[in-house]
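Whatever order the structure lists ligands and atoms in, that order sets their numbers, starting from 1. One-based numbering along the sequence shown.
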Amino acid sequence: MSNLPALTPQVFSILSALIEDRLGLFFGPDYLDLVAEKLGPRVVERGFESMLDYYYFLRYDPAAEEELRAVADLLTVNETYFFRELTPLEALIGEFVAPLAATGKRVRVWCAACSTGEEPITLASLLEERGLLEQVEIVASDVSSRALAVANRGVYSGRSLRAIASPPSWLVDQGGHQLVSERLRRAVDWRLVNLLDDDAVGALGVFDAIVCRNVLIYFRDETTTRVLGRLHRALTPEGRLLVGVSESLIRLGTAFQCEERRGAFFYRKSP
Ligand SMILES: C[S@@+](CC[C@H](N)C(=O)[O-])C[C@H]1O[C@@H](n2cnc3c(N)ncnc32)[C@H](O)[C@@H]1O
């Protein structure tokens with residue numbers, strides 16, 4: 001730690017504000033040491049003399065966009081696992097996706113903030129089980145290219161598998177690691193998307209369902225409201241939004257209304 005550049009409260013204040021503005025992630029004063037620890041080695045590696053120089057680079061340099069990707073990789077929490085918060089996913093399929101697919105429509109589902117891919121692969125496996133995979137287009141995105149690289153490889157072990165008692169047929173044992181079947185991996189369209197980037201979100205088109213779980217917890221209310229505005233625009237009029245079980249939008253007074261189905265809470269556009 002001693003060889004890493006110092007992060008003063010003043011520089012932390014402007015650096016964390018910039019990070020929140022670009023990535024949404026909020027780091028209050030208690031996180032100064034954590035941010036210094038995570039970014040310090042990168043600052044040294046890139047040859048910057050101080051955290052302030054690094055801040056100026058991120059703020060003003062034309063190449064900052066690319067460097068922000070590295071910052072996202074270093075500061076995001078990519079915790080996720082297969083079959084996490086399963087009941088709401090099953091309810092989403094049973095209540096909305098399956099009935100829509102039964103009308104012959106090709107259903108579009110977006111897993112925003114998919115991390116290393118366990119969530120969209122879980123979704124794909126549930127759809128496969130119900131014979132619906134071919135009728136559903138799954139787009140999965142995250143701001144972390146490192147997380148998406150894991151998703152693209154499709155090789156998992158340890159904590160990713162913690163909710164799996166006996167490996168399903170779509171996981172192939174590779175001596176300690178599990179490889180997700182090519183069929184499920186190919187069923188997902190993986191994209192690098194920052195939820196704060198209007199153009200990138202808009203380019204994905206509109207969806208019948210959006211699964212955006214366990215990411216809003218890293219944002220302050222103002223950022224969450226901004227992101228929800230983008231998700232609102234990305235939903236069809238009858239579309240449904242699913243957030244994490246510990247996340248509630250009610251107190252934010254957004255343009256969504258909440259409804260309960262099969263013990264899970266969904267958000268739809270207010271009439
Ligand atoms: C804790 S994981 C949640 C993964 C999965 N949705 C789940 O519930 O298991 C949070 C993810 O949000 C992503 N994230 C954070 N800020 C983001 C942003 N501005 N745009 C897109 N993704 C973001 C992180 O990279 C991380 O992979």
Side-chain angles (χ1 to χ4, degrees), residues 16-27 31 34-35 38 58 65 67-92 109-126 138-153 156 158-164 180 188-204 207 209-231 234 241-248 264-266:
S16 57
L18 182 67
I19 290 166
E20 185 175 21
D21 182 59
R22 303 292 157 82
L23 299 172
L25 307 171
F26 172 63
F27 295 99
Y31 289 84
L34 181 107
V35 170
K38 299 230 173 209
L58 285 177
E65 233 11 77
E67 186 58 25
L68 263 168
R69 281 193 214 138
V71 173
D73 282 344
L74 292 166
L75 294 182
T76 51
V77 176
N78 307 118
E79 164 73 6
T80 186
Y81 53 94
F82 292 107
F83 300 109
R84 182 181 193 180
E85 297 175 17
L86 185 59
T87 305
L89 280 187
E90 290 179 320
L92 180 74
V109 180
W110 174 25
C111 270
C114 68
S115 187
T116 39
E118 291 86 332
E119 182 177 70
I121 292 293
T122 299
L123 186 66
S125 77
L126 297 173
I138 305 171
V139 175
S141 66
D142 200 277
V143 74
S144 165
S145 41
R146 180 176 42 79
L148 287 173
V150 174
N152 269 305
R153 272 198 307 278
Y156 298 92
R159 292 174 64 77
S160 292
L161 309 169
R162 79 185 84 155
I164 296 180
V180 172
V188 180
D189 180 5
W190 307 99
R191 305 281 191 97
L192 183 69
V193 174
N194 181 351
L195 288 169
L196 270 68
D197 182 341
D198 263 340
D199 293 343
V201 172
L204 297 178
F207 294 88
I210 299 176
V211 177
C212 183
R213 303 194 297 177
N214 303 305
V215 59
L216 302 176
I217 42 172
Y218 299 103
F219 300 160
R220 282 200 286 185
D221 286 356
E222 196 192 312
T223 308
T224 299
T225 304
R226 271 168 69 188
V227 169
L228 289 172
R230 288 163 177 81
L231 300 187
L241 167 68
L242 181 59
V243 297
V245 292
S246 64
E247 298 165 317
S248 168
F265 294 97
F266 296 93

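- With contacts defined as side-chain heavy-atom distances shorter than 4.5 Å, the pair W110/L231 qualifies.
- Using a 4.0 Å cut-off between charged nitrogen and carboxylate oxygen, R213 and E118 do not count as a salt-bridge pair.
- Heavy-atom proximity to R213, at under 4.0 Å, picks out these atoms of ligand 1: 3 (C), 5 (C), 6 (N), 7 (C), 8 (O).
- Per-residue contacts place S115 under 4.0 angstrom from the following atoms of ligand 1 (heavy atoms of the residue considered): 4 (C), 27 (O).
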**OP:** Give the C-alpha distance, both sets of side-chain angles, the deciding distance and a yes or no for side chain to side chain contact (heavy atoms under 4.5 Å, CB included) between I121 and C114.
**Re:** CA-CA 10 Å; I121 292 293; C114 68; over 6 Å; no
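- In terms of protein heavy-atom proximity, atom 12 (O) of ligand 1 is nearest to V215 CG2, 3.3 Å.
- Near N78, with a cut-off below 4.0 Å to any heavy atom, the atoms of ligand 1 are 24 (C), 25 (O), 26 (C), 27 (O).
- A donor-acceptor pair is defined here as one N or O able to donate and one able to accept, closer than 3.5 Å; such a pair exists between the side chain of D73 and the backbone of S145.
- For atom 13 (C) of ligand 1, the closest non-hydrogen atom on the protein side is D142 OD2, 3.3 Å.
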Subject >> Step-by-step side chain to side chain contact (heavy atoms under 4.5 Å, CB included) determination, L242 to E85 >> reply: CA-CA 11 Å; L242 181 59; E85 297 175 17; over 6 Å; no
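- Shown in contact with T76 at under 4.0 Å from a heavy atom are these atoms of ligand 1, numbered in order with element: 15 (C), 24 (C), 25 (O).
- Near R84, meaning under 4.0 Å from any of its heavy atoms, are these atoms of ligand 1: 7 (C), 8 (O), 9 (O).
- Taking distance alone, with nitrogen or oxygen atoms compared against 3.5 Å, L25 stays at or beyond that limit from ligand 1.
- Nearest non-hydrogen protein atom to atom 23 (C) of ligand 1 is V143 CG1, 3.4 Å.
- For the side chain to side chain contact (heavy atoms under 4.5 Å, CB included) with F266, the lone residue among V243, L241, L92 that qualifies is L92.
- Residue-ligand proximity, V193 to ligand 1, at heavy-atom distances under 4.0 Å covers atoms 20 (N), 21 (C).
- Distances shorter than 4.0 angstrom do not occur between any heavy atom of V227 and any atom of ligand 1.
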Original post:
Under the side chain to side chain contact (heavy atoms under 4.5 Å, CB included) criterion, do L196 and R226 qualify, and how do the steps go?
Top reply: CA-CA 8 Å; L196 270 68; R226 271 168 69 188; 3.7 Å; yes
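- A distance of 12.0 Å separates CZ of R220 from CG of L25, quoted to the nearest 0.5 Å.
- For ligand 1 and S144, the ligand atoms under 4.0 Å from any heavy atom of the residue are 25 (O).
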